[in-house]
Amino acid sequence: MSGACFALKFLDTILHGQSSWMARDGAHALSVDDPATGALIASLAITTKAQICAKIDQVSIAQALWAEMTASARQNILRKWHDLAQKHEGELAALLTLEQGKPLSEAKAEISSSLKNILWSAGLCERKNGYEEKSHINGALNEVHYEPVGVVAAITPWNFPSAMITRKVAPALAAGCGVILKPAEDTPLSAIALAKLAYDAGIPRGLFALVITNREGAAEFSDVVFSDKRVRMVSFTGSTAIGKTLIASSAQNVTKLSLELGGNAPFIICADADLDKAVEGAFASKFRNAGQTCICANRIYVHADIYDVFMERFVARVRAAKIGNGFEDGVEIGPLINERAQQNVQNFIKKLDSEGAQKIYAAQPGLTWSFLPPMVYACAEDCSATQQEIFGPIACVYKFDSYEDVVQKANETDYGLAAYIYAKDSKLSTGLAKALQFGMVGINETRISDASIPFGGVKQSGIGREGGYDSLKNFMVTKFICKA
Ligand code: ADP
């Protein structure tokens, strides 16, 4: 059976008996397309405003009951969710490739990290919440409690349709919160599958509610959640532009925010770097998910001493990459998600060309409209890529001479999510890592995302951290009680 058929069969079992997800009327339907072929995968019913409000009512009621349960009861249910998702690991990965386009190997890695997000959150359920100590007042006791924030609205992007959901929903549930989730309009199917498995595991439908919208409906969803005082927190992963609108909306009811926004990652290759590792690292970081991740290498800085040899080997690596449908064996670069993404990257290329950036390599033009050939550009210091998040398979390489200068250049951005350094000298790499104004730095490593690490950025790359030991606390509020 082909990968696409396997995914469609799974989708059929997920949707079977859940007719509420299917569109009944074309006017209120969201079409989900395969980005590799343009074929229609599913037509889903768009959640109406009245339904969103009703779902918030349900989450609010269910959350109060859920928060009363013991931590170990919540943990058991989350573990069941993990086990069920693990049982369907292959199908979830295939569905992800079908609706998102990324190579199946990347989809499998994403599902594996999604499973870890759930298990990690389940594991944290029993961590001691709060502490007590002798009070500042004679004879009294000070108690600090961490309580669930309450109803959480989660808004997730299309580039990691499964990992971003599990990284928000699992710790929120573990903390005792209820969640109303709005996945990206391009990739709602992974969300439906994860929700169905969660319900099968015993997570109440009312507690973890799902909203399906098109692009216009996304703004309506945020209007509803920010105007409802029962929604105490919004956790968002997406662009800085939309993040800023959410910050403005949060003023209405002083809603707590957790934001993981755009990035502009510098990838610094020092003169003493292991070139094999640097070339492979730069390739993986730049072209993972066809360049559509917020931690992708956006600016590749190469020391002048090794620039020529790096360029030659990097271009050879890009030339060797197979482009195509994510289900095909050996494919490393899949399609872009949609026409809007395609247009954004085309505009960026025009800008690069007009600024005189030198095109060193471009693969053969794509298979269909949605495949953009990977390209490598040699850029001057003042090239616009320095400020813009590319979000496509275009590698921009810069030459540098001094480490002081490269740190300064790397920091000259409004973003501050991820940065990478390749160097053998650990004193040099540690010094650079400390000087870089970014939330996460990978030294000789690009796989910096995991359930166990605090993922997030500084500056306009966001507020708060997801994952790591504090992932539950992100969804909690602190209460102090003085017992005299
Ligand atoms: P991209 O441009 O890569 O799609 P976005 O930040 O626009 O990134 O989208 C990320 C998520 O934010 C998606 O789920 C999308 O539907 C949602 N979104 C888009 N506009 C709004 C909005 N005005 N309010 C709330 N969510 C939005």
Side-chain angles (χ1 to χ4, degrees), residues 30-33 35 44 46-47 49 52 56 99-102 152-169 179-192 194-195 209-228 231 233-253 255 257-264 288-296 298 335-348 370 372 388-393 415 417 457 460-463 466:
L30 173 70
S31 301
V32 187
D33 302 326
L44 302 176
I46 288 177
T47 314
K49 190 173 175 182
I52 296 173
I56 295 174
E99 70 171 342
Q100 204 276 344
K102 66 175 65 176
V152 174
I155 303 173
T156 52
W158 48 263
N159 56 352
F160 290 94
S162 174
M164 293 306 101
I165 289 175
T166 50
R167 199 164 73 184
K168 293 181 193 302
V169 176
V179 183
I180 180 156
L181 165 71
K182 193 211 80 60
E185 52 278 8
D186 296 288
T187 55
L189 301 175
S190 296
I192 292 178
L194 285 168
L210 192 56
V211 166
I212 301 295
T213 67
N214 53 17
R215 185 95 194 151
E216 297 73 51
E220 183 176 76
F221 175 74
S222 62
D223 285 349
V224 173
V225 297
F226 281 113
S227 62
D228 192 315
V231 178
M233 176 171 172
V234 172
S235 175
F236 169 79
T237 298
S239 61
T240 295
I242 299 295
K244 286 181 179 180
T245 70
L246 303 189
I247 292 171
S249 305
S250 73
Q252 226 180 126
N253 286 314
T255 309
L257 290 176
S258 173
L259 304 174
E260 200 257 278
L261 308 176
N264 181 357
R288 185 173 293 134
N289 205 356
Q292 305 170 106
T293 89
C294 48
I295 59 169
C296 272
N298 211 56
L336 292 186
I337 187 71
N338 56 31
E339 221 159 337
R340 192 162 60 91
Q342 177 90 356
Q343 199 51 56
N344 287 342
V345 186
Q346 295 287 11
N347 290 343
F348 177 74
S370 58
L372 194 73
Q388 199 171 325
E389 189 176 27
I390 304 169
F391 245 64
Y415 296 102
L417 191 58
Q460 295 188 24
S461 286
I463 301 171
E466 289 184 347

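In listed order, ligands and their atoms are each counted from 1. All figures in this text were calculated on a predicted structure; none of them were measured in a lab.
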(message) Using modelled atom types and a 3.5 Å cut-off, is there a donor and acceptor pairing between side-chain atoms of Ser461 and backbone atoms of Gly262?
(response) yes

(request) Any chance you could lay out the side-chain contact (heavy atoms from CB on, under 4.5 Å) test for Leu261 and Tyr415, step after step, and finish with the verdict? (result) CA-CA 9 Å; Leu261 308 176; Tyr415 296 102; over 6 Å; no

(request) Give the intermediate values and the outcome of side-chain contact (heavy atoms from CB on, under 4.5 Å) for residues Thr47 and Phe221. (result) CA-CA 10 Å; Thr47 314; Phe221 175 74; over 6 Å; no

(request) Would you check whether Phe391 reaches within less than 4.0 Å of ligand 1, judged by its heavy atoms? (result) no

(message) Suppose the criterion is side chain to side chain donor-acceptor pair (under 3.5 Å): which pairs have a residue in residues 242-252, not counting sequence neighbours?
(response) Lys244-Gln460

(message) Looking at Lys168 and Glu466, is any side-chain nitrogen of the basic one under 4.0 Å from a carboxylate oxygen of the acidic one?
(response) yes

(message) Considering Ala341, Ala219, Ser239 one by one, which has a heavy atom nearer to atom 23 (N) of ligand 1 than any of the others?
(response) Ala219

(request) Return the residue, atom name and 0.1 Å-rounded distance of the protein heavy atom closest to atom 3 (O) of ligand 1. (result) Trp158 NE1, 3.2 Å

(request) Starting from atom 24 (N) of ligand 1, locate the nearest protein heavy atom and write down its residue, its atom name and how far away it is, to 0.1 Å. (result) Ser222 OG, 3.0 Å

(request) Pick whichever of Asn214, Thr156, Leu246 has a heavy atom sitting closest to atom 14 (O) of ligand 1. (result) Thr156

(request) Name the closest protein heavy atom to atom 27 (C) of ligand 1, giving the residue it belongs to and the distance to 0.1 Å. (result) Ala218 CB, 3.5 Å

(request) Give the residue, atom name and distance (to 0.1 Å) of the protein heavy atom nearest atom 21 (C) of ligand 1. (result) Ile242 CG2, 3.6 Å

(request) Can you sort out the partners of Thr166 under side-chain contact (heavy atoms from CB on, under 4.5 Å), two or more places apart, ordered by chain and number? (result) Ser114, Asn117, Ile118, Leu194

(message) Which residue and atom name correspond to the protein heavy atom nearest atom 9 (O) of ligand 1, and how close is it?
(response) Arg215 NH1, 3.9 Å

(message) Could you identify the single nearest non-hydrogen protein atom to atom 12 (O) of ligand 1 and state the distance to 0.1 Å?
(response) Phe236 CE1, 3.2 Å

(message) Quick check on contacts: which atoms of ligand 1 are under 4.0 angstrom from a heavy atom of Ile155?
(response) 11 (C), 12 (O), 14 (O), 17 (C), 25 (C), 26 (N)

(request) Within a distance under 4.0 Å of any heavy atom of Glu185, pick out the atoms of ligand 1 and give their elements. (result) 15 (C), 16 (O)

(request) Check whether any heavy atom of Arg340 sits under 4.0 Å from an atom of ligand 1. (result) yes

(request) For residues Leu246 and Leu257, report the shortest heavy-atom separation together with the two atoms involved. (result) O-CD1, 4.2 Å

(message) Testing the basics here: between Pro188 and Ile212, what is the closest heavy-atom pair and its distance to 0.1 Å?
(response) CB-CD1, 3.8 Å

